[in-house]
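Because the structure is a prediction, the values reported are computed rather than measured.
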Amino acid sequence: EIEPGVSEFSLEGEDLRSIKAFYRQVCFCLNTESIEIINGNISGTKHSATQWNVIIDVDFLLIEGQNMVSKEITGRFRMN
């Protein structure tokens, strides 16, 4: 949730962990569980009253004990 009156935000480090952010791939795959984001940054700037430009650049482990996976998602999202 974004506080009213805020025109930009950035979450990283402890702030990112405190919101308990998760990544979930939506597909017809067998394994589509939510995966806790370990590191990264989620930031956004307000484009209009209901639209935000958001950049998500995060790291997570798909399988425990394996290498870290990085994912970057950018786009304009509608938030009411």
Side-chain angles (χ1 to χ4, degrees):
E1 186 172 324
I2 300 170
E3 297 285 331
V6 171
S7 61
E8 62 182 29
F9 67 89
S10 181
L11 300 167
E12 59 186 312
E14 190 56 41
D15 290 335
L16 185 60
R17 287 186 288 281
S18 72
I19 66 166
K20 299 180 182 173
F22 286 80
Y23 172 79
R24 183 171 186 182
Q25 182 173 342
V26 180
C27 67
F28 294 106
C29 310
L30 294 176
N31 183 9
T32 60
E33 65 186 48
S34 297
I35 302 164
E36 186 175 6
I37 293 172
I38 295 172
N39 191 24
N41 180 282
I42 300 175
S43 61
T45 55
K46 194 170 192 172
H47 178 74
S48 69
T50 59
Q51 293 187 355
W52 287 76
N53 294 326
V54 178
I55 300 171
I56 301 168
D57 186 6
V58 293
D59 303 323
F60 51 88
L61 290 172
L62 280 178
I63 300 171
E64 189 67 37
Q66 299 236 342
N67 291 336
M68 192 81 66
V69 175
S70 295
K71 186 75 171 179
E72 184 174 331
I73 303 166
T74 61
R76 183 171 293 165
F77 299 90
R78 182 176 302 273
M79 298 182 207
N80 295 325

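Both Ile37 and Ile19 are members of a single hydrophobic cluster when ILVMFWY side chains are connected at heavy-atom separations under 4.5 Å. Residues Ile55 and Ile73 fall into different hydrophobic clusters, defined by Ile, Leu, Val, Met, Phe, Trp and Tyr side chains chained together at heavy-atom separations under 4.5 Å. Residues Val58 and Val69 are members of one and the same hydrophobic cluster, defined by side-chain heavy-atom contacts under 4.5 angstrom among Ile, Leu, Val, Met, Phe, Trp and Tyr. Grouping the Ile, Leu, Val, Met, Phe, Trp and Tyr side chains by contacts below 4.5 angstrom, directly or via other members, places Phe22 apart from Met79. Using a 4.5 Å cut-off between side-chain heavy atoms of Ile, Leu, Val, Met, Phe, Trp and Tyr, with links allowed through other members, Tyr23 and Ile56 fall into the same hydrophobic cluster.
Across Phe60 and Lys71, no two heavy atoms sit closer than the pair CE2-CB, 3.8 Å.
Looking only at side-chain heavy atoms (C-beta outward), Leu61 and Ile35 stay at 4.5 Å or farther from each other.
The CG atom of Asp59 sits 10.0 Å away from the CG atom of Leu16 when rounded to the nearest 0.5 Å.
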For residues 2-15, tabulate all N or O donor-acceptor pairs below 3.5 Å that involve a side-chain atom, not counting sequence neighbours.
from, atom 1, to, atom 2, distance (Å)
Ser10, OG, Asn41, ND2, 3.2

Output side-chain donor-acceptor pairs under 3.5 Å for residues 45-52, partner residues at least two apart or in another chain, one line each.
from, atom 1, to, atom 2, distance (Å)
His47, ND1, Arg76, NH2, 3.3
His47, NE2, Arg76, NH1, 3.2
Ser48, OG, Gln51, N, 3.3
Thr50, OG1, Arg78, NH1, 3.2

Trace of the side chain to side chain contact (heavy atoms under 4.5 Å, CB included) decision for Met68 with Asn39: CA-CA 10 Å; Met68 192 81 66; Asn39 191 24; 5.9 Å; no
